[in-house]
Colleague: 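Just dropping this structure here.
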Amino acid sequence: MLIGVTGGIAAYKVCNLIRELVKFGAEVKVIMTEAATRFITPLTLSTLSKNPVYTDKDFWNADGCKDSKNPTIHISLAEWADVILIAPASANTIAKLACGMCDNLLTAVALAARCPVAVAPTMDVGMYLNESTQVNLVNLKEMGYFVIQPAEGELASGITGIGRLPEISVIVEALKNILLGITRDLVRRKILVTAGPTYESIDAVRFIGNRSSGKMGFAIANAAVQRGAEVLLVTGPSNLRTPNNVNRINVESTLDMFKAVKVNYKKADVLIMAAAVADFRPEKIEFDKIKKENKNMLELKLVPTVDILFEMGKLKKRKKIHVGFALETNEDIQEAKRKLREKKLDFIVFNSFSKENNVFGSDFNEVTIIDSKGNIEKLPRMPKFDVANKVLDKIVSIL
Ligand SMILES: Cc1cc2nc3c(=O)[nH]c(=O)nc-3n(C[C@H](O)[C@H](O)[C@H](O)COP(=O)(O)O)c2cc1C
């Protein structure tokens with residue numbers, strides 16, 4: 001087990017963590033950043049870990065590091081570790097990891113890692129809640145890093161807030177879960193996710209669309225694949241990058257999406273319909289571009305599109321889980337409950353669209369999960385990737 005220690009005031013607490021891990025029988029090696037050595041000494045951590053502690057001197061030493069002649073110690077350590085924990089993880093190191101920087105031994109090892117990497121962000125509440133840190137943490141999670149949520153309480157500055165290193169027992173439990181693969185609780189599950197908007201053609205060049213970016217559905221696909229699921233993403237037009245190991249089918253109209261979902265439904269254990277599909281489409285699609293000349297008005301006759309949630313509800317097989325998303329411009333939970341019943345969903349994720357919760361294109365969302373047993377769980381505003389994991393937690397609890 002490799003522990004990376006960075007320059008945070010909580011570095012001294014890592015002494016107890018290392019003692020605990022060694023007591024459990026773990027072989028612990030430690031890397032310290034230059035800043036970390038200002039807070040505690042390598043001597044303390046090498047004594048407790050019963051191993052040499054690596055610093056940037058080992059990174060840059062042409063004759064090899066302290067315990068080998070190997071000048072590429074960053075690769076050897078990356079290959080050696082079963083799990084890497086960076087605790088405390090400073091805002092600075094988190095930012096470096098989020099953009100793939102590797103200008104010291106610790107970040108180079110993390111970048112070269114062959115094993116799971118966990119970070120325990122520990123800092124002042126302002127630094128933690130700063131948009132940069134929050135975006136960096138979301139990016140790390142999306143890349144597959146494990147983030148151990150900091151605890152709330154009195155901080156070194158005397159201010160009370162979030163940013164403390166969690167209790168040792170919480171960190172040990174998180175490491176155990178990572179090593180035992182408990183975080184991969186969707187292995188062998190097949191999940192079909194829909195995402196994005198749909199485009200309904202008016203003529204050869206124009207369409208009716210909506211403001212959905214696809215971020216919610218893509219976040220679900222990414223989180224599910226990281227938890228071990230086999231994921232097929234059926235998406236309307238979106239410029240988002242396909243998450244690693246996710247299979248993707250691009251569609252344009254609601255009807256195309258319905259056909260793709262229907263064809264692939266048989267293989268899926270879970271169907272999550274996060275796409276913002278059009279409810280109406282032009283009755284007739286003009287083959288050529290409609291000309292503007294001599295027209296004071298253009299009337300479009302719209303007809304309903306296929307209701308994918310409803311149609312899939314009719315085809316629902318007993319053991320399959322169906323999850324729907326509903327967006328309303330008011331707090332109309334009754335409407336969400338009606339959809340839940342009519343569309344035979346196991347649960348529905350209800351977005352209330354408002355100025356404060358403008359979900360379109362945002363990396364954040366505030367949702368309420370309502371299940372078919374009548375349970376209602378209102379979640380605070382959080383990154384879409386975290387919402388995705390909450391949705392998957394709910395699925396795991398039903399499976
Ligand atoms: C007294 C003191 C306490 C600090 N505590 C923290 C902290 O708790 N968390 C943090 O992210 N940065 C903290 N910093 C700032 C980091 O030490 C600084 O950003 C440093 O460059 C981090 O380098 P590293 O990420 O390479 O370890 C502190 C700095 C000082 C001087």
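Just follow the structure's listing: the first ligand is 1, and inside any ligand the first atom is 1.
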Colleague: Out of K141, Q149, R381, which one pairs with D386 under the side-chain hydrogen bond (donor to acceptor under 3.5 Å, both in side chains) rule?
Modeller: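 Exactly one pass, corresponding to K141.
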
Colleague: Considering both backbone and side-chain atoms of D124, is one of its nitrogen or oxygen atoms within less than 3.5 Å of a nitrogen or oxygen in ligand 1?
Modeller: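 In this structure, D124 places no N or O atom under 3.5 Å from an N or O of ligand 1.
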
Colleague: Inspect the contact between R206 and D203 and indicate whether a charged nitrogen and a carboxylate oxygen are less than 4.0 angstrom apart.
Modeller: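 So D203 pairs with R206 through a salt bridge.
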
Colleague: Between K301 and F280, is NZ or CZ placed under 6.0 angstrom from the six-membered ring centre and within 45° of the ring axis?
Modeller: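 No cation-pi geometry.
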
Colleague: Less than 4.0 angstrom from a charged side-chain N to a carboxylate O is my criterion; do E366 and K378 meet it?
Modeller: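 Salt bridge: yes.
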
Colleague: Quiz question for you: does at least one protein heavy atom lie closer than 4.0 Å to atom 18 (C) of ligand 1?
Modeller: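 False for atom 18 (C) of ligand 1.
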
Colleague: How far is atom 20 (C) of ligand 1 from its nearest protein heavy atom, and which residue and atom is that?
Modeller: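 Of every protein heavy atom, A35 CB, 3.9 Å lies nearest to atom 20 (C) of ligand 1.
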
Colleague: Among all the protein's non-hydrogen atoms, which is closest to atom 11 (O) of ligand 1, and how far away is it?
Modeller: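 For atom 11 (O) of ligand 1, the nearest protein heavy atom comes out as A91 N, 2.7 Å.
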
Colleague: May I ask you to identify the nearest protein heavy atom to atom 7 (C) of ligand 1, giving residue, atom name and distance to one decimal place in Å?
Modeller: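 The protein heavy atom lying closest is G8 CA, 3.5 Å.
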
Colleague: Knowing that exactly one of T198, V234, T194 qualifies, which makes a side-chain contact (heavy atoms from CB on, under 4.5 Å) with V251?
Modeller: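 The residue from T198, V234, T194 that satisfies side-chain contact (heavy atoms from CB on, under 4.5 Å) with V251 turns out to be V234.
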
Colleague: Is atom 4 (C) of ligand 1 close to the protein, meaning a heavy atom under 4.0 Å from it?
Modeller: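 For atom 4 (C) of ligand 1 the answer is yes, since some protein heavy atom falls inside 4.0 Å.
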
Colleague: Below 4.0 angstrom, N of the basic side chain to O of the carboxylate: do K319 and D269 qualify?
Modeller: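 Salt bridge between K319 and D269, a charged N being under 4.0 Å from a carboxylate O: no.
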
Colleague: What residue and heavy atom of the protein are closest to atom 9 (N) of ligand 1, and at what distance?
Modeller: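 Here the closest protein heavy atom is T122 O, 2.9 Å.
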
Colleague: Near T93, which atoms of ligand 1 are under 4.0 Å from a heavy atom of that residue?
Modeller: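 Those qualifying, in numeric order: 24 (P), 25 (O), 26 (O).
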
Colleague: Please determine whether a side-chain nitrogen of the Lys or Arg among E79 and R114 lies less than 4.0 Å from a carboxylate oxygen of the Asp or Glu.
Modeller: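 Answer for the salt bridge query: yes.
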
Colleague: Which of the listed options, M32, M127, R38, E34, holds the heavy atom that is closest to atom 12 (N) of ligand 1?
Modeller: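 It is M127 that holds the nearest heavy atom.
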
Colleague: What part of T33, side chain, backbone, both or neither, has a heavy atom within less than 4.0 angstrom of ligand 1?
Modeller: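 Under 4.0 Å from ligand 1, T33 contributes side-chain atoms alone.
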
Colleague: In sequence, state the C-alpha distance, the side-chain angles, and the governing distance for R227 and D185, and then conclude on salt bridge (charged side-chain N to carboxylate O under 4.0 Å, His left out).
Modeller: CA-CA 6 Å; R227 289 169 74 154; D185 48 6; 2.9 Å; yes

Colleague: Nearest protein heavy-atom contact for atom 1 (C) of ligand 1: which residue, which atom, what distance?
Modeller: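 For atom 1 (C) of ligand 1, the nearest protein heavy atom comes out as F39 CE2, 4.0 Å.
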
Colleague: Which residue and non-hydrogen atom of the protein lie closest to atom 14 (N) of ligand 1, and at what distance in Å?
Modeller: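 Of every protein heavy atom, G7 O, 3.4 Å lies nearest to atom 14 (N) of ligand 1.
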
Colleague: Hey, would you say the Y265 and H322 ring centroids sit under 6.0 Å apart?
Modeller: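 Ring centroids of Y265 and H322 are less than 6.0 Å from each other.
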
Colleague: If hydrogens are left out, which of T6, I9, N92 has an atom nearest to atom 26 (O) of ligand 1, that is, the closest non-hydrogen atom?
Modeller: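 Nearest heavy atom to atom 26 (O) of ligand 1 lies in N92.
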
